[in-house]
Amino acid sequence: MDQRALRTSDRAPGAGEGGEDTAGRRSASVRLHAYALHVYNYFDGLWHTDIAERITAACRTLGMEESGSLPLVRPGGIRTTQLLSAPREGIWQALRFASPRLDAILVCLAPEDGSADWPELDRDWRLAAGSVTDEDCVGRVRLFYALYDGDAEVDQLATAVTAALPGGAEVRTETATEPLPGFYLWETPAPTDDGLERVVVLLAPTAKEAVSDDWVWPIEGDLRPLPGYFWQMAKVRHEARRFEERRSQDRPARLYDLASRFERREQTDPAPSQARERMLRHLQRETALVAAGEARLRIMCRTVEAAAHEARTWLEYWAEDMPVRDEHAWVEGLAGPIGRDQEYVARLITEINDAADLGRNTVAYAHPMAQIGSADLEQRLRDISERSEFLSALHTSVIAAVGLLLAASQSLNHDWPMYASLQSPLIVSVAAGGLFLLLAAALRSTSQLWGRIWVGIAAAGFAASVTWFVGTWLVRWQTAQLPSAPVSRVASAIAAAAAFGAWLGWRARRSRHELR
């Protein structure tokens, strides 16, 4: 599964008829050969399951067929789930790796040395894949890999690479990452500016072919440092795209402007109105959304930090098999694309934290004013509840008062089994009780003086009529007029129960108001 079987040949970029080497005319000591194209596709295996099928179909178009599965390769949970290969000269393979958070399909097109160059390999892949990798990918990398003969300066190698790349991509002005002397890693401008695809070039000396092969393509299913590193950086760039989308919404600025306008309005005209209520509702909604956005940014920052840490772990894993004294110093000393990646991660983390802090500060400014709306809403709900309670009590009291008044009016000509001296006090007590209930319920919510006077008069009349009735009954009871005693006792019990019930209701209502 490695590339050690690749043979060198005299073919070089720009070779014309008769084997003339145009790149060799630029630098007689530089010759590129053993061209290969590695395509790394990274995607969410749980949500974007169809992209794996589309890439697999593209690999089948290139003659690859499924030939087995491989076991778990790393303790971090990354495992190989699929192996595709083609019975052709060279290496035509595809491997699928799965992890709990992200999947990857690695494709290697490495024909026999001299049978194809980078433009041909790139064209073959694009014809087979079409635009399938443009959808649903978290990130993808096209790695153009080749060997070189001779002893040349980095500028000469960059010139040769520029001539060999498809589409005239420029690497001359790019600083290369040099993991070991003679090995160069460049990054060329991507075809699109969406941060989704990366185009990378790896050049290695022919004498160290086995070393560079170990970097770029899995051996016996074991994921290698470069695809593992780009895997983690794909996560970082995906979070960066999500961050740009979220930052373009500019919610903190809108919330700050809304809170400022509401603050000025409260200072000049705090009177309730429909416009004020609409502004309060809008302010509460925007405050909640910005607070949720801050939480998302914090999660995003932790995701970027974790991916950056894993990327550095892959770099240190890369350095384990190198003659490097200090792996940490080796990682810190890397320049070129990898060094820029480290700077990009640090800048991205700073920008995400700044955006999250801005959201938190804006929420801290707007939240107290949004609480004004909450207090107004709670007061309105209390008013509605009290109004509903008042209407219920009023309806009940009216029904009871009308019933009592009708009963009293019907009792005027009724021949009761009691003495005439008790009949009038009883009728007057019932009528006075009905009037008292009606006035107490109707005038309960008013604070006017006349309302209190009317309730006091009704209460005094009710108390006087009950006292008259009870006193008359006691006189009759003391004179041993027993025939009317049972009826009198029942009437007295009813009057006492009504008075006691009214007192309990008054106490319960007062207790509720004290709790509020």
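This is a predicted model, so every value here is computed, not measured. Numbers here are sequence positions counted from 1. For the numbers below, each heavy atom of this structure counts, side chains included, while hydrogens, waters and symmetry mates do not.
- What you find for G63 and P87 is that their closest heavy atoms are O-CD, 4.0 Å.
- Taking CD of E120 as the start and CG of D124 as the end, the distance is 7.5 Å to the nearest 0.5 Å.
- W118 places a side-chain N or O within 3.5 Å of a backbone atom of A36 that can act as its donor or acceptor partner.
- Nearest heavy atoms, T287 versus A366: OG1-CB, 3.8 Å.
- Side-chain contact between L106 and P218 is present, with heavy atoms from C-beta onward closer than 4.5 Å.
- Under the 4.5 Å side-chain criterion, counting only non-hydrogen atoms from C-beta, D103 is not in contact with F97.
- The minimum heavy-atom distance linking Q93 with S85 is given by the pair CG-CB, 3.7 Å.
- In this pair, Y184 and Y148 present their aromatic rings tilted. The plane angle is within the 30 to 60° band.
- The side-chain heavy atoms of V107 and I105, taken from C-beta on, include a pair separated by under 4.5 Å.
- In terms of modelled atom types and a separation under 3.5 Å, the side chain of Y40 and the main chain of G228 share no donor-acceptor contact.
- Taking the six-membered ring for Trp and thresholds of 30 and 60 degrees, Y365 and Y256 have ring planes inclined between 30 and 60 degrees apart.
- Atom-to-atom distance recorded for R285:CZ and L258:CG is 11.0 Å, nearest 0.5 angstrom.
- Atom OG1 of T56 is separated from atom CD of E65 by 11.0 Å, given to the nearest 0.5 angstrom.
- Within the 4.5 Å cutoff, no side-chain heavy atoms of V141 are placed close to those of L226.
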- Message: Between K235 and H238, does the side-chain contact (heavy atoms from CB on, under 4.5 Å) criterion hold? Intermediate values first, please.
- Response: CA-CA 5 Å; K235 296 180 185 179; H238 177 62; 5.6 Å; no
- side-chain contact (heavy atoms from CB on, under 4.5 Å) between I51 and I55: does it pass, once the steps are laid out? CA-CA 6 Å; I51 190 173; I55 297 176; 4.0 Å; yes
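- For R298, the salt bridge (charged side-chain N to carboxylate O under 4.0 Å, His left out) criterion is met by E294, D357, not counting sequence neighbours.
- Looking at L223 and W314, their side chains come closer than 4.5 Å, going by heavy atoms from C-beta outward.
- In this structure F243 satisfies the ring-ring contact (aromatic ring centres under 6.0 Å, His included) test with no other residue, sequence neighbours excluded.
- With respect to E244 and R241, no salt bridge is recorded, no charged nitrogen being found less than 4.0 Å from a carboxylate O.
- Shortest non-hydrogen contact noted between V290 and G359 is CG1-O, 3.7 Å.
- Using a 30° and 60° split on the angle between ring planes, Y145 and H38 fall in the tilted class, from 30° to 60°.
- Put simply, the side chain of L358 does not reach to within 4.5 Å of the side chain of D354, judged on heavy atoms.
- Not counting sequence neighbours, the partners of W231 by the ring-ring contact (aromatic ring centres under 6.0 Å, His included) test are Y42.
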- Task: Applying side-chain contact (heavy atoms from CB on, under 4.5 Å), run through R242 and R296 and close with a yes or a no.
- Result: CA-CA 10 Å; R242 294 177 59 231; R296 293 290 296 272; 3.0 Å; yes
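- Taking 4.5 Å as the limit, some side-chain heavy atom of T206 sits within range of a side-chain heavy atom of H33.
- No donor-acceptor distance shorter than 3.5 angstrom exists from the side chain of W186 to the backbone of V199, with no hydrogens or angles considered.
- From E112, atom CD reaches atom CD of E89 across 5.0 Å, with rounding to the nearest 0.5 Å.
- Partners of L127 under the side-chain contact (heavy atoms from CB on, under 4.5 Å) rule, at least two apart in sequence or in another chain, are R123.
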- Apply the test side-chain contact (heavy atoms from CB on, under 4.5 Å) to residues I91 and L109: give CA-CA distance (whole Å), side-chain angles for both, the deciding distance (0.1 Å), then the verdict. CA-CA 6 Å; I91 300 176; L109 307 181; over 6 Å; no
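- Taking all atoms of both residues into account, the shortest heavy-atom contact from F43 to L102 is O-CD1, 3.2 Å.
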Using residues 342-353 as the side-chain source, report each donor-acceptor pair under 3.5 Å to any protein atom, sequence neighbours left out, with the distance given to one decimal.
from, atom 1, to, atom 2, distance (Å)
Q342, OE1, R312, NH1, 3.4
T350, OG1, A346, O, 3.0
N353, ND2, I349, O, 3.3

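- Once rounded to the nearest 0.5 Å, the distance linking CG of D341 with CZ of R198 reads 4.0 Å.
- The nearest pair of heavy atoms linking W330 to P179 is NE1-O, 3.1 Å.
- Using a 4.5 Å heavy-atom cutoff, the side chains of P205 and F183 are in contact.
- Rounding to the nearest 0.5 angstrom, the gap separating the CG atom in L165 from the CG atom in D122 is 9.5 Å.
- Distance alone, capped at 3.5 Å, is enough to place a donor-acceptor pair between the R224 side chain and the D214 backbone.
- Legend: residues meeting salt bridge (charged side-chain N to carboxylate O under 4.0 Å, His left out) with R265, ordered by chain and number and at least two apart, are absent.
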